[in-house]
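Since the structure is predicted, the reported quantities are computational estimates derived from the model, not experimental observations.
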Amino acid sequence: MNLKCGVVQFEHRPGDRAANLATIERFARAAHEEGVRILAFPEMCITGYWHARRLDAAGWRALAERVPQGPSTEVLVRLARELDMVIGAGLVESDSDGRLFNTYVVALPDGGVHSHRKLHAFESPHISSGDRYTVFDTPMGVRIGILICYDNNLVENVRATALLGADILIAPHQTGGTDSRSPHGMKPIDPALWHDRHVNPEPLRAEFQGDKGRGWLMRWLPARAHDNGMFLLFANGVGFDDGEIRTGNAMILDPYGRIVAESDALDEDLVTAELDLSLLPLATGRRWIRGRRPELYSILVERRGDELAPLEARFSTDPT
């Protein structure tokens with residue numbers, strides 16, 4: 001059995017919910033024309049992302065909305081029903097206690113809604129981290145898991161999602177071109193290259209495909225799919241994001257960590273692929289998981305005493 005899926009990269013407008021939802025609808029309709037059944041958009045693409053780190057608490061609250069009662073979720077549900085698709089996109093959520101979360105909402109064609117709160121939220125001291133994994137069934141007969149950006153960098157999160165039965169991992173990001181503290185991590189991209197991309201594309205292409213973009217992803221992203229025996233839908237921002245340049249690189253990987261389809265576009269793009277679900281039962285990662293020895297792994301759940309909060313871990317300059 002094959003299942004057609006899609007991932008989108010686009011340059012969101014900071015704080016402009018209406019414009020970003022219009023872009024989501026445009027891509028959703030284009031994906032529907034191609035027969036896509038599951039479609040993933042980037043992290044916080046409805047609200048905008050990196051500009052929010054500069055906001056005070058009132059600014060974050062102005063971005064936020066309830067889930068599933070909020071207007072953005074209603075748009076996603078309407079599109080999912082009309083187009084008979086599973087559609088996911090990211091926003092800022094406020095709960096009944098006034099807490100704020102970096103949340104990813106997935107709407108199902110039957111009107112159902114699932115949401116995942118980023119487990120390792122570092123964007124601001126005004127937002128909280130989630131406390132649970134998110135894996136659910138779909139009308140397409142596959143189980144979907146969600147991990148947002150930094151969540152995917154910790155191997156335990158992906159393994160836990162696999163153990164909960166995920167066949168497909170939706171991995172929405174806003175990454176590439178970040179100012180990593182690690183000497184061999186990602187580094188910023190000159191915004192001038194983005195602005196000149198239509199007249200001089202090759203310097204920007206080299207950055208997008210190199211260690212500031214795709215090269216960095218290739219060090220770890222295929223391993224998340226391979227080691228856990230799941231398909232992976234990587235959706236990312238692209239373009240200017242409050243001083244940083246997101247690199248796009250939207251891609252779909254199979255349970256062997258192979259890239260089935262990817263974008264090398266220097267602009268917004270839709271990537272689609274047929275997932276061959278027959279690859280799942282004998283995928284290497286799934287067989288390895290059956291060979292685990294849980295009695296050896298207690299160290300994974302013991303606190304060492306040097307743990308940092310996600311924001312501290314992301315921005316600390318102290319050596320480990």
Side-chain angles (χ1 to χ4, degrees), residues 1-7 36-43 80 85-90 102-110 112-120 129-173 217 220-236 250-261 271 273-292 294 297 300-301:
M1 174 184 172
N2 287 355
L3 177 65
K4 194 159 192 178
C5 295
V7 291
V36 168
R37 302 301 311 286
I38 299 174
L39 182 63
F41 289 90
E43 171 187 19
M85 295 169 60
V86 172
I87 302 176
N102 177 340
T103 295
Y104 197 79
V105 175
V106 175
L108 304 183
D110 63 3
V113 174
H114 296 274
S115 61
H116 176 75
R117 293 168 173 172
K118 190 173 185 177
L119 302 173
H120 301 271
S129 292
D131 59 5
R132 62 175 174 82
Y133 295 105
T134 306
V135 180
F136 53 89
D137 292 317
T138 68
M140 293 78 180
V142 294
R143 283 175 65 79
I144 288 177
I146 308 168
L147 291 170
I148 300 172
C149 201
Y150 191 6
D151 293 350
N152 293 277
N153 294 136
L154 282 83
V155 296
E156 294 91 341
N157 291 330
V158 188
R159 175 51 53 89
T161 301
L163 290 173
L164 289 169
D167 302 305
I168 298 172
L169 176 63
I170 294 179
H173 280 63
L217 294 170
W220 63 273
L221 193 60
R224 300 295 185 269
H226 169 269
D227 292 353
N228 296 287
M230 59 175 66
F231 291 95
L232 194 152
L233 307 183
F234 174 82
N236 192 23
M251 67 179 73
I252 297 172
L253 299 94
D254 77 5
Y256 289 92
R258 300 177 300 183
I259 299 174
V260 181
V271 174
E274 294 276 357
L275 306 192
D276 179 0
L277 300 182
S278 70
L279 295 176
L280 287 169
L282 292 177
T284 309
R286 292 198 166 199
R287 292 191 292 111
W288 287 352
I289 286 175
R290 294 289 298 277
R292 291 183 315 120
Y297 307 148
L300 296 178
V301 296

Within this structure, what is the OH-CG distance for the pair Y133 and L163, rounded to the nearest 0.5 Å? 9.5 Å

Let me confirm one number: the CG-CG distance from N152 to N157, rounded to the nearest 0.5 Å. 8.0 Å

Roughly how far, to the nearest 0.5 Å, is NZ of K118 from CG of N102? 5.0 Å

Kindly give the heavy-atom pair with the smallest separation between L253 and V260, and that separation in Å. C-CG2, 4.2 Å

Nearest-0.5 Å distance that lies between atom NE2 in H226 and atom CG in L232: 13.5 Å

V142 and I38, any side-chain heavy atoms less than 4.5 Å apart: yes

Check whether the side chains of H120 and N153 place a donor and an acceptor atom closer than 3.5 Å, and report yes or no. no

Are T161 and R143 close enough that some pair of their side-chain heavy atoms sits under 4.5 Å apart? no

Do Y297 and E156 have side chains that approach each other closer than 4.5 Å (heavy atoms only, starting at C-beta)? no

Minimum heavy-atom separation for R224 and N228, please, with both atom names. O-ND2, 2.9 Å

Will you find, in the side chains of S115 and R117, an N or O donor that is under 3.5 Å from an N or O acceptor? no

Where do I289 and A162 come nearest, in terms of heavy atoms and distance? CD1-CB, 4.1 Å

Starting from the C-alpha separation in whole Å, work towards a yes-or-no answer on side-chain contact (heavy atoms from CB on, under 4.5 Å) for V106 and F136. CA-CA 10 Å; V106 175; F136 53 89; 3.8 Å; yes

From CD (E274) to NZ (K4), nearest 0.5 Å: 5.5 Å

Given side chains that start at C-beta, do those of L279 and R258 come closer than 4.5 Å, heavy atoms only? yes

If we check side-chain contact (heavy atoms from CB on, under 4.5 Å) with I144, which of these qualifies: L169, V135, T138? T138

Are L280 and F231 side-chain neighbours, meaning at least one heavy-atom pair lies under 4.5 Å? yes

Quick check: do L3 and I168 have side-chain heavy atoms less than 4.5 Å from each other? yes

C149 versus E43, closest heavy-atom pair with distance: CB-OE1, 3.3 Å

Do P222 and M251 come close enough that some side-chain heavy atom pair is under 4.5 Å? no

Classify the angle between the aromatic ring planes of H173 and F234 as parallel (below 30°), tilted (30 to 60°) or perpendicular (above 60°). tilted

Under 4.5 Å between any side-chain heavy atoms of P172 and I148, yes or no? yes

Distance from S278 atom OG to M1 atom CE, nearest 0.5 Å? 11.0 Å

Candidates V105, I170, L147 - the one meeting side-chain contact (heavy atoms from CB on, under 4.5 Å) with H116: L147

Work out which heavy atom in A283 is nearest to a heavy atom in P255; give both atom names and the distance. CB-CB, 3.8 Å

Do you know which two heavy atoms are closest between V271 and A250, and how far apart they sit? CG2-O, 3.8 Å

